[in-house]
Amino acid sequence: MADGGVSAARGADVRVEDVAAEDWDRLVLGFDDAVQEQLQSFNEVRRAPEQLRRLAVYANGELTGGVLLRLVKVPVFGLTINSARWGPVWRRSGKAVTPETLELVLRAVTDEVCRRKKGYLMIMPRPEPDLQDAPVAALERIGFQGMAPFANPLRYFARVDLDPDAMRANFSQKWRYNLKKAEAAGLQTELVEGEAGLNEVLSLYREMLARKKFVDYSPIDTLAHRLANPLTRLRPRMFVTRKDGVPLAMAVVDCCGDTAAFLYGATADDALPTRAGYALQWAVLCHLSRDPAMRWYALGGAGSATCPLHQFKRGLVGKAGVILHERPAHVIASGKYEAVIGRLAMAVRDARDRLREPLAQLLPVRLGR
């Protein structure tokens, strides 16, 4: 985020405009907080055109932010739930912004969805290491209310605007030890591209799912479409670690804005003895550190409070990184009726999600999002 500052002044002339699907990704590319979940090329794979809406916010004639909304109509009750995961985007590249800019964009979107029409708006705030709780504070000032917290909210962020020596020194002692073991095992990691790279990544992923009997809810089915994006910067980057030419581990990393994000990963049976995961992530970190646009690498969380991934990620982010608690979705409605129906619909969705895992273990089908 740029220092100093031109903040979005109260009383600015604000307008909101709908944006065509074919123009949206190029608009998002102009923001440092661009993220996969706010891209048209990601969302259009799983949702019909009428289930998506894209809004641009202008202040005094200048583009200030935007949000991609997913629309879900609640049958019978005549209510549309508008939701934005990790939106809006508001940190314009090369522009000085403050949290007031975010609040202006949020207020404009809220007015459009809940004031001009009767609606229900859910915002899932993105954890950002440079902002801490500022996005949630802005939501609460507008009148949003938080939903139930996550069971495992820890999210890990590694600094990548450091030179390789500084990054390596920042690892925990155990992480450095395991990285040395991986290097001694003769592993090689490379950036893979095209159909051959995609096939190698998906093959590792499917083999891991079959071996571990995971029920997969990830949106990895969107990967091929995203790789075909004409905007090169919006294509995920794929990394594969091999030993003697045999693939052992892979990572798919989103690099839209100034925070790269670990999207998907997989390992083969022989990955653990060679510590392939350490070699893989070290190669990713070194790659990102050479990109002047990158500042952070978001590693996500872990499946449970006792998952060993916590130790792995904590050792990787070290003292220079940041560990945040991801805050829950926040909601606001145009009136009491919309609030009650919206909360009821969210409760039904949450119950479905809680039952999905045990049902998936009993039924010979996969229940996707």
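The pair Arg211-Asp269 meets the salt-bridge criterion, with a side-chain N (NZ, NE, NH1 or NH2) lying under 4.0 Å from an Asp/Glu carboxylate O. Salt bridge present: Glu190 and Arg242 bring a charged side-chain N and a carboxylate O closer than 4.0 Å.
The minimum heavy-atom distance linking Arg91 with Val97 is given by the pair CG-CG2, 4.0 Å. Across all non-hydrogen atoms, the minimal contact from Phe312 to Trp175 is O-NE1, 3.0 Å.
Judged by distance alone, with hydrogens and angles left aside, the side-chain atoms of Asn152 form no donor-acceptor pair with the main-chain N or O of Phe150 at under 3.5 Å. Looking only at distances, no side-chain donor or acceptor of Thr241 sits under 3.5 Å from a matching main-chain atom of Thr189. Side-chain atoms of Arg155 do not come within 3.5 Å of backbone N or O of Glu326 as any donor-acceptor pair. Panel note: side chain Glu338, backbone Gly335; a donor-acceptor pair is recorded below 3.5 Å.
Side-chain atoms of Gln36 and Arg226 include a donor-acceptor pair closer than 3.5 Å.
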#### Entry: Working for side chain to side chain contact (heavy atoms under 4.5 Å, CB included), residues Val14 and Thr64
CA-CA 9 Å; Val14 178; Thr64 306; over 6 Å; no
### Message
salt bridge (charged side-chain N to carboxylate O under 4.0 Å, His left out), that's the test. Do Asp161 and Arg159 meet it? Break it down for me.
### Response
CA-CA 6 Å; Asp161 57 346; Arg159 285 277 300 275; 2.5 Å; yes
### Message
I'd like to know whether Asp221 forms a salt bridge (charged side-chain N to carboxylate O under 4.0 Å, His left out) with Arg46, so could you lay out the CA-CA distance, the side-chain angles of the two residues, the decisive distance to 0.1 Å, and finally the verdict.
### Response
CA-CA 9 Å; Asp221 58 307; Arg46 291 188 152 196; 2.8 Å; yes
